[in-house]
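Any value given below was found using the heavy atoms of this structure, including those in side chains, with hydrogens, waters and symmetry copies removed. Source: prediction; values computed, not measured.
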Amino acid sequence: MRGSLRIRLIAASLLALLASLSVGFFALGMARSDPGAAMATGGFLFLGIFAGFWFYLDQALARPVDKIASELRIRAHAETGVPAFVPSRGAEHLGDLGPAAASVLSALEAARTARDEAVSAATRHLDEERVRLTALLSEIPVATILLNRDGLIVLYDGQAAEVLAQIGTPRLHAALSEYFDEESLRAALDRIHKTGLGTTATLQGRRGAVTFTATLKPMAEGGTLMIIDSEISRIAPDADRPLVYDFALLGQRRDAALEDRRLSDLTFCVFDLETTGLLPHRDEIIQIGAVRVIGGRIVPGEAFETLVDPGRPIPDASSRVHHITDAMVRGHPSISSAAPRFYDFATGSALVAHNAPFDLAFLRAKRAETELNWTHPVVDTVLVSAILFGTTETHTLDAVCQRLGIEIAPHLRHTALGDAHATAEALCRMLPMLEGRGIDTFGALLAETRKHGRLIEDMN
């Protein structure tokens, strides 16, 4: 039966008072016969009463309140799919707080459902227009790339993706200089900025890749439109040609120090590794998977996945976990070839992993072999979960996903790309929760994660 919280507090206070009086009378009686023993006995009894009273308040008040606060925070920022709120064990000690929270969240969920239906109806037309625009651009024999004023990619169509893929992995918010020779590119952009007119330039792909002739035109927002004749881009007739863009990047600048940049403005590369074992100095990487998050959303179509040939047999115990066998990795690139490709994919991003020390230890153990220094800023979703939900909760990937209403298909669990995608979804749902607590910059997040160093090592 649910009782009043005020009555419970009064009852607990009366019990503590009666216990203290009992100790006092007992100590007074003993003091007349043995003062030393009275003081010792009274002290132990007082400590026992204090510990019992503290334990009662912790179990009956502190933990249930923390649990309800955590559940409220999840549902205040989460999308649909989070299980309905049910007051946890111990909430009955809080009087009507648990049912009141459930009532508020039920109303919030109803309002959110109505909002989602309205937004869905209002954006259906926009989605149809986007499909038409994508189809139209696919039929025009040019590759289209839009840059912001810092030379970062804001939009690319499917044909541009094919062009960029001949040099590196196509990515939003990547510098165009990562794909083309910086000297010729800079000369063309300088001409545009000085004259305000369009120009034509011959651009050499980096690392000796193919050369393209491009037309560059200034845009009203300060950006630059780049068009490449796709007849020389080797596009397969049946290739998927999505339109990838984020116009919010047009006005975004990179001039702020990393610590001062808002989390919502950061680019994240969320990754996971599968390995032959648990020891970085002895075991090998056999799969890398990663996705990118910009503006709090997973970028569609921007994913990295590769098997890696470890050059040694994969133990049966490891294969039972990730289902990767020797036959599957045979013929795939070695880590010395795969790691640089992943490094390029992650350039300009903050690395994100669930239990980042494990994955980064494997990457850094191959430093001599790959000649790569992994100095990226790092976000660990284990620590983010601990900040939001407390260290007494479980912070495995499965537990975090269940808490946030994220489903991982069984056939994707313990695959590098599947786990990376689940971690990215968790990150996207936790970022608004961090901002709701006033943790809205990378520096503020670092300060909070370092408070949990006893839980897991911070890799920054």
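For A444, the side chain to side chain contact (heavy atoms under 4.5 Å, CB included) criterion is met by I439, T441, not counting sequence neighbours. D260 meets the side chain to side chain contact (heavy atoms under 4.5 Å, CB included) test with A257; sequence neighbours excluded.
Classified by interplanar angle (parallel below 30°, tilted 30° to 60°, perpendicular above 60°), the ring pair F271/F342 is tilted.
The salt bridge (Lys or Arg N to Asp or Glu O under 4.0 Å) analysis of residues 324-336, with sequence neighbours excluded, yields no pairs. Applying the salt bridge (Lys or Arg N to Asp or Glu O under 4.0 Å) definition to pairs two or more places apart or across chains, those involving residues 372-396 are K67-E393, E393-R403. The stretch residues 284-302 participates, sequence neighbours left out, in these salt bridge (Lys or Arg N to Asp or Glu O under 4.0 Å) pairs: D246-R297, E284-K366, R292-E302. Residue pairs meeting the side-chain hydrogen bond (donor to acceptor under 3.5 Å, both in side chains) criterion with at least one member in residues 409-419, sequence neighbours excluded: D398-R413, R413-D419.
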>> Pair L243, L155 - check side-chain contact (heavy atoms from CB on, under 4.5 Å), show working.
In response: CA-CA 7 Å; L243 181 66; L155 172 149; 4.1 Å; yes
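Between L146 atom CG and Y156 atom OH the span is 13.0 Å, to the nearest 0.5 Å. Distance check, rounded to the nearest 0.5 Å: CG of L185 to CG of L216 gives 7.0 Å.
Annotation: side chain of V291 is in contact with side chain of L417 (closest heavy-atom distance under 4.5 Å).
The residues E178 and R171 are annotated as salt-bridged, a charged nitrogen and a carboxylate oxygen being separated by less than 4.0 angstrom.
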